[in-house]
2 protein chains.
Amino acid sequence: MGRPRQRTPELREKILDVALDLLAVDGPSAVTTRAVATAAGTSAPAIYELFGDKSGLVRAVFFDGFRRLRDRFAELPPPQGTPADLLAVIDAFRDFTRENPRLFEVMYTKPFAVYAPAPEERELGDATRSAFVDRARSLVQADQLHGDAVDIAHGVLGLVVGLATQETAGFLGATAEDCDRRWRGAAESLLRGYGVDSNA
Amino acid sequence: MGRPRQRTPELREKILDVALDLLAVDGPSAVTTRAVATAAGTSAPAIYELFGDKSGLVRAVFFDGFRRLRDRFAELPPPQGTPADLLAVIDAFRDFTRENPRLFEVMYTKPFAVYAPAPEERELGDATRSAFVDRARSLVQADQLHGDAVDIAHGVLGLVVGLATQETAGFLGATAEDCDRRWRGAAESLLRGYGVDSNA
DNA sequence: TGGATTTTGTATCACTGATACAAAACTCTG
DNA sequence: CAGAGTTTTGTATCAGTGATACAAAATCCA
């Protein structure tokens, strides 16, 4: 008995969808509690009941971004045991950041002052690591790359995060050809460098 | 005649110093117009007279960051014509980001919703490019690296921005040794990879 | 000393995140 | 079927932010 509930898990998803949409279209400054609530057909306090506070909403966006990225990686063809396996992950990562630049920024930079992921949140949400680490490990075991697989994965992730940051900000190059060439050259060079046994 | 001026270029510098300090100590959310003005011994409208608006203040912080980074690069020993020249720039860049993590974020990510550098501002403020590009060009001419020097510089810059982003956020590694090893491994591998003539 | 002039800081606005609480919406009993 | 009882919701409000109009302050000169 009592007034029927409207602040359901379904409304939570609706709010999250609206937040993702506002973020993608008009950027972080458009994601205000009032704007999100109104566009979702409810009022601001619903966000606080369903997400705790605004940082909870941004956190949900953050996790959803990593879920989508994981789905993207899951569509990749099975690894063949060559460095091209890692190049495929790099390409998929880049495609994702070009299609979802604001979402990428929420995941890897901190456009919202109210939310910075704690290390454990980062690990939970980070689907990236395993895609990189698993392939790096296979390649190290196959003697195609040399060094610690986790170190290599962090290096590759560092490169792609940096290139994507520069590209989404418009500073990687003026033309698509410039950006393509720089992505490809850097990715191939890094893997080539990891392929050399520096202790040999 | 009239009331003596207080909103002088000296006060502008004072305000900028205060903003840099508040940013470094308490992060972007501590840089409010009131807090900066009070700490500088003036009132909020002075900021608007001297900087236009808050994004103007953040822009000044942005430029000051690149000035400091350029000074850091200027202290580097003269290039010797080996890939170690670029490794030295990479090390100096990393040192800078570890000593000024919030400032680095203002320069390369967008922690303030109100300010994103326009491409021409980025080029003006970017002392990074020439330090990387000049050395890359020398190494390409000396046949130590292969490819376009500007492309290589963008690739190296991408790597260091990404690694620094991850490190300042605490996601590059749990210990200093982890971070050191991953920086070194990635930097050396990338340069090693650029050293191979992929068209040969 | 007091008018004229320039500069400053206070008071205020719109908007944001956040929340208290009265109105709304429903169930069930007498 | 009226209305008490219960639960939920959205409105009204608060403090803090970026921004600005304008009265008060501070000076100079007649």
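Just so we're on the same page: letters track the sequence lines, and every chain starts at 1. Bear in mind the structure is a predicted one, so any value in this text is a computation, not a measurement.
Of the candidate nucleotides C/dT8, C/dT16, D/dT17, C/dT8 has the atom lying nearest to any side-chain atom of B/Arg7. Looking at the side chain of A/Asp53, the nearest of the listed nucleotides D/dT17, D/dG10, C/dA18 is C/dA18. Among the nucleotides C/dG9, D/dT11, C/dA18, the one closest to any side-chain atom of A/Lys54 is C/dA18. The side chain of A/Glu49 has D/dT9 as its nearest neighbour among C/dT12, D/dT9, C/dT19.
At a cut-off of 3.5 Å, with distance as the only test, a side-chain donor of B/Thr8 or B/Glu10 sits close to an acceptor on the other residue.
Rounding to whole angstrom units, OH of residue B/Tyr115 and P of D/dA19 are separated by 15 Å. Taking atom CZ on B/Phe51 and atom P on D/dA19, their separation rounds to 13 Å, with Å as the unit. Computed from coordinates, the A/Leu22 CG to C/dT16 P distance equals 12 Å when rounded to whole Å. Atom-to-atom, CG of B/Leu57 to P of D/dG18 comes out at 10 Å; the value is rounded to the nearest Å. Residue B/Ile15 contributes atom CD1, which lies 11 Å from atom P of C/dT8 at whole-angstrom precision.
Comparing A/Arg5 and B/Arg34 by the nucleotide of DNA chain D that holds the closest heavy atom to each, the one mapping nearer the 5' end is A/Arg5. Residues B/Thr42 and A/Pro45 both approach DNA chain C. Their nearest nucleotides, taken by heavy-atom distance, put B/Thr42 toward the 5′ side.
Within the 4.0 angstrom heavy-atom criterion, only backbone atoms of the sugar-phosphate kind lie near B/Pro4; the bases stay farther away. At a threshold of 4.0 angstrom between heavy atoms, the contacts of B/Val31 are confined to the sugar-phosphate backbone, with no base atom among them.
Residue B/Thr33 places at least one side-chain N or O closer than 4.0 Å to OP1 or OP2 of D/dG18. The side chain of A/Tyr48 places no N or O atom within less than 4.0 Å of a non-bridging phosphate oxygen (OP1 or OP2) of C/dT19. For C/dG9, the OP1/OP2 oxygens have a side-chain nitrogen or oxygen of B/Gln6 closer than 4.0 Å.
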> Checking salt bridge (charged side-chain N to carboxylate O under 4.0 Å, His left out) for the pair B/Glu177/B/Arg182: CA distance, chi angles, key distance, verdict?
Replying inline: CA-CA 8 Å; B/Glu177 290 73 32; B/Arg182 287 164 188 170; over 6 Å; no
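For residues 39-60 of chain B, the set of pairs meeting the side chain to side chain donor-acceptor pair (under 3.5 Å) definition, not counting sequence neighbours, comprises B/Arg5-B/Glu49, B/Arg7-B/Glu49, B/Asp53-B/Ser55, B/Arg59-B/Glu121.
In this structure, A/Glu99 does not pair ionically with A/Arg94, as no charged nitrogen and carboxylate oxygen lie closer than 4.0 Å.
The base of C/dG9 does not come close enough to the side chain of B/Arg3 for any donor and acceptor atom to sit less than 3.5 Å apart.
In this structure, the ring of A/Phe96 has its center no less than 6.0 angstrom from the ring center of A/Phe66.
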